[in-house]
Undergrad: 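Dropping a structure here in structure tokens format, bear with me for questions.
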Protein chains: 2
Amino acid sequence: MMPEDRSTRPLNLERLAASDRVAGALSLAIHEHRLAPGTKLGEDEIGEVYGVSRTIVRAALQRLAHNQLVEIQRNRGAFVAQPSQQEAREVFEARELLEPRTALMAASRATGSDSDSLRAHSAKEHAAIAAGDRGRALHLSGQFHTEIARIAGQTVIAGFIATLIARSSLIIALYWRRESALCESHAHHALIEAISAGDGATARDLMRSHLVDLHTALDLRQTATPARTLKEALLSPESQA
Amino acid sequence: MMPEDRSTRPLNLERLAASDRVAGALSLAIHEHRLAPGTKLGEDEIGEVYGVSRTIVRAALQRLAHNQLVEIQRNRGAFVAQPSQQEAREVFEARELLEPRTALMAASRATGSDSDSLRAHSAKEHAAIAAGDRGRALHLSGQFHTEIARIAGQTVIAGFIATLIARSSLIIALYWRRESALCESHAHHALIEAISAGDGATARDLMRSHLVDLHTALDLRQTATPARTLKEALLSPESQA
DNA sequence: GGACACAACATTGTATACAGTTTCGTACGG
DNA sequence: CCGTACGAAACTGTATACAATGTTGTGTCC
């Protein structure tokens with residue numbers, strides 16, 4: 001019989017669904033901080049921008065809602081999510097639990113092309129920083145972590161990490177404290193070296209300290225929500241000085 | 001006639017979207033093993049069952065796809081997911097990483113009502129076993145783990161664990177080996193005692209060994225896909241001896 | 001002048017219609 | 001008899017229309 005009955009998957013992903021395109025575009029806009037937390041995402045508005053019907057937009061928004069990048073309120077619409085301080089803490093605690101372990105595994109599995117991929121990624125980060133595109137640099141910085149999880153070969157945990165990094169983007173948008181932008185470039189570079197050298201213990205420690213550094217760069221003591229709705233702004237607990 | 005309509009149960013969903021109801025029903029059916037992995041989930045068929053249009057069904061299927069309970073193939077439809085052996089391994093590895101830690105935290109945070117809740121849950125499990133309803137017992141067994149994650153107060157990680165448990169249900173459907181059903185009752189009972197007593201270290205160790213026990217009860221060496229479609233059954237690589 | 005009630009508007013929730021793709025049966029040719 | 005080509009049926013992908021809900025502006029009453 002033919003060796004290809006059904007096992008060979010042509011995988012028609014070449015033509016991806018329209019909702020994927022819209023979801024990706026919105027996701028990128030959020031990651032690059034072009035869409036601020038709290039922004040209302042009207043269905044007609046988005047559909048007009050991308051030239052699709054509300055059916056597609058709704059599917060995309062639903063997906064982003066499941067990724068917790070947007071919050072959908074019944075009969076009211078979708079808004080870019082605004083993680084609470086508590087959520088922010090938990091997200092970074094989870095990252096500090098998962099990612100060092102992932103870096104350790106990545107170091108033991110990384111091939112030459114993996115190292116090249118990481119280096120190429122780092123170069124793009126530097127380029128974005130040099131160009132002054134802070135949003136893009138931030139997005140690439142997140143992707144770097146996702147890439148390491150991919151190299152580690154732990155698909156399931158890599159999926160979790162991807163979710164956490166997406167949420168981290170929102171958290172950074174809300175709670176970032178330091179003015180000195182993207183101090184992470186050299187941290188990433190050191191990680192690349194450790195992983196390429198197969199030095200798992202160092203990679204793990206570097207990742208851990210890198211995440212702690214990020215975590216402590218957040219200001220989780222006061223609400224810094226750039227609330228979009230006037231009502232929310234006026235109802236915030238600080239506006240009664 | 002109006003008051004009659006309002007008194008009917010199904011319309012009692014004051015603020016629950018219709019797609020939530022459908023997604024929940026399908027999810028429950030999968031968890032209770034009434035829907036086997038590989039089963040085709042036609043949109044019209046489901047819509048007819050629940051009395052809703054394809055719009056709702058599609059939203060529900062999309063959500064389940066994101067939870068990885070179903071797989072959606074473009075232009076072909078949705079099928080109950082069939083986790084590979086590799087995925088199965090990774091899911092249980094992730095559980096063994098996350099859940100012992102969660103049990104530890106649950107022990108330190110559990111209140112009296114939490115203990116009561118766990119005990120009530122355990123009672124329901126026993127009732128299901130006594131009634132011979134294996135599917136429901138399995139579902140409740142999974143819920144037990146989710147409940148512990150909830151008690152631990154780690155919302156983010158609890159979400160991950162809920163996902164992992166959902167997938168575990170599929171994995172058990174595909175790769176379960178032992179005939180001695182639900183050996184877990186006493187394991188759960190011991191866990192409840194440790195958590196109620198605030199003995200975190202014991203709870204952690206019990207959880208770890210419980211998960212290892214589950215993991216080793218799987219047979220991940222050979223493909224055991226119970227293909228639903230006749231065509232798939234006849235085209236499977238084993239049916240040509 | 002302020003608060004409440006109601007109506008017009010805007011937006012989301014759901015159903016249906018149509019278009020594109022896959023699947024399956026059937027007829028034809030080897 | 002087997003393989004292939006073609007066409008109809010079934011199903012999914014997308015757009016649009018209608019219904020339900022929330023929001024906003026206006027007018028009236030106190």
Side-chain angles (χ1 to χ4, degrees), chain A residues 1-6 8-26 38-65 70-80 228-235, chain B residues 2 5-6 10-26 38-65 70-80 227-235:
Chain A
M1 76 307 290
M2 288 301 141
E4 50 169 77
D5 43 9
R6 192 167 189 75
T8 60
R9 281 191 170 181
L11 208 54
N12 317 348
L13 281 186
E14 62 227 22
R15 266 186 59 190
L16 69 168
S19 63
D20 289 347
R21 187 171 58 88
V22 175
L26 287 174
T39 306
K40 169 79 184 282
L41 301 174
E43 297 178 355
D44 279 322
E45 192 179 352
I46 296 172
E48 191 175 339
V49 169
Y50 295 105
V52 293
S53 75
R54 283 179 50 221
T55 307
I56 307 297
V57 176
R58 280 180 74 83
L61 288 175
Q62 203 178 323
R63 183 137 102 237
L64 295 181
V70 315
E71 180 189 359
I72 293 180
Q73 299 177 14
R74 181 172 174 82
N75 287 322
R76 295 212 40 224
F79 304 81
V80 179
R228 265 312 159 107
T229 313
L230 278 304
K231 182 174 65 177
E232 286 181 6
L234 299 181
L235 288 180
Chain B
M2 315 300 188
D5 273 359
R6 296 161 61 100
L11 291 180
N12 197 4
L13 326 156
E14 14 190 5
R15 287 181 192 174
L16 192 61
S19 63
D20 288 346
R21 186 171 58 89
V22 175
L26 288 175
T39 306
K40 170 80 184 282
L41 301 173
E43 297 179 353
D44 279 322
E45 191 180 351
I46 297 172
E48 191 175 338
V49 169
Y50 295 106
V52 294
S53 74
R54 282 179 51 219
T55 306
I56 307 297
V57 175
R58 282 180 72 84
L61 288 176
Q62 206 176 325
R63 179 158 353 158
L64 295 182
V70 316
E71 180 189 359
I72 294 180
Q73 300 176 13
R74 180 173 175 84
N75 286 323
R76 294 210 43 226
F79 304 81
V80 180
R228 252 322 156 96
T229 315
L230 279 304
K231 183 176 60 176
E232 284 183 6
L234 299 183
L235 287 180

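Each chain gets a letter, A, B and so on, in the order its sequence line appears, and its residues count up from 1. The shown structure was predicted, so the numbers you read here are calculated from the model rather than taken from an experiment.
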Undergrad: Specify the closest pair of heavy atoms between A:A23 and A:L64, including all atoms of both residues, with the distance to one decimal.
TA: O-CD2, 3.9 Å
Undergrad: Detail all sub-3.5 Å separations between protein N/O atoms and N/O atoms belonging to nucleotides 12-17 of chain C.
TA:
residue: C:dT12; atom: OP2; partner: A:E43; partner atom: N; Å: 3.4
residue: C:dG13; atom: OP1; partner: A:N75; partner atom: N; Å: 3.3
residue: C:dG13; atom: OP2; partner: A:R58; partner atom: NH1; Å: 2.3
residue: C:dG13; atom: OP2; partner: A:R58; partner atom: NH2; Å: 2.8
residue: C:dG13; atom: N7; partner: A:R54; partner atom: NH2; Å: 3.0
residue: C:dG13; atom: O6; partner: A:R54; partner atom: NH1; Å: 3.3
residue: C:dT14; atom: OP1; partner: B:A18; partner atom: N; Å: 3.4
residue: C:dA15; atom: OP2; partner: B:S53; partner atom: N; Å: 3.1
residue: C:dA15; atom: OP2; partner: B:S53; partner atom: OG; Å: 2.8
residue: C:dA15; atom: N7; partner: B:T55; partner atom: OG1; Å: 2.7
residue: C:dT16; atom: O4; partner: B:T55; partner atom: OG1; Å: 3.4

Undergrad: I'd like a table of atom pairs between the protein and nucleotides 5-9 of chain D - only N or O on both sides, under 3.5 Å - with the distance next to each one.
TA:
none

Undergrad: State which residues pass side chain to side chain contact (heavy atoms under 4.5 Å, CB included) with A:E43; sequence neighbours excluded, sorted by chain then number.
TA: A:R54, A:V57, A:R58, A:L61
Undergrad: What distance separates A:L41 CG from A:L26 CG, expressed to the nearest 0.5 Å?
TA: 6.5 Å
Undergrad: Kindly write out the residues that satisfy side-chain hydrogen bond (donor to acceptor under 3.5 Å, both in side chains) with B:R63, not counting sequence neighbours, or none if the list is empty.
TA: B:S19, B:D20
Undergrad: Take the protein atom CD of B:E48 and the nucleotide atom P of D:dC11, then report the distance between them rounded to whole Å.
TA: 11 Å
Undergrad: Between the side chain of A:Q62 and the main-chain N/O of B:A59, is any donor-acceptor distance below 3.5 Å?
TA: yes
Undergrad: Nearest 0.5 angstrom please: B:Q73 CD to B:K40 NZ, how far?
TA: 9.5 Å
Undergrad: If you take all heavy atoms of A:F79 and A:G38, which pair is closest and at what distance?
TA: CD2-O, 3.7 Å
Undergrad: For B:A18 versus B:I56, what's the shortest heavy-atom pair and its separation?
TA: C-CG2, 3.7 Å
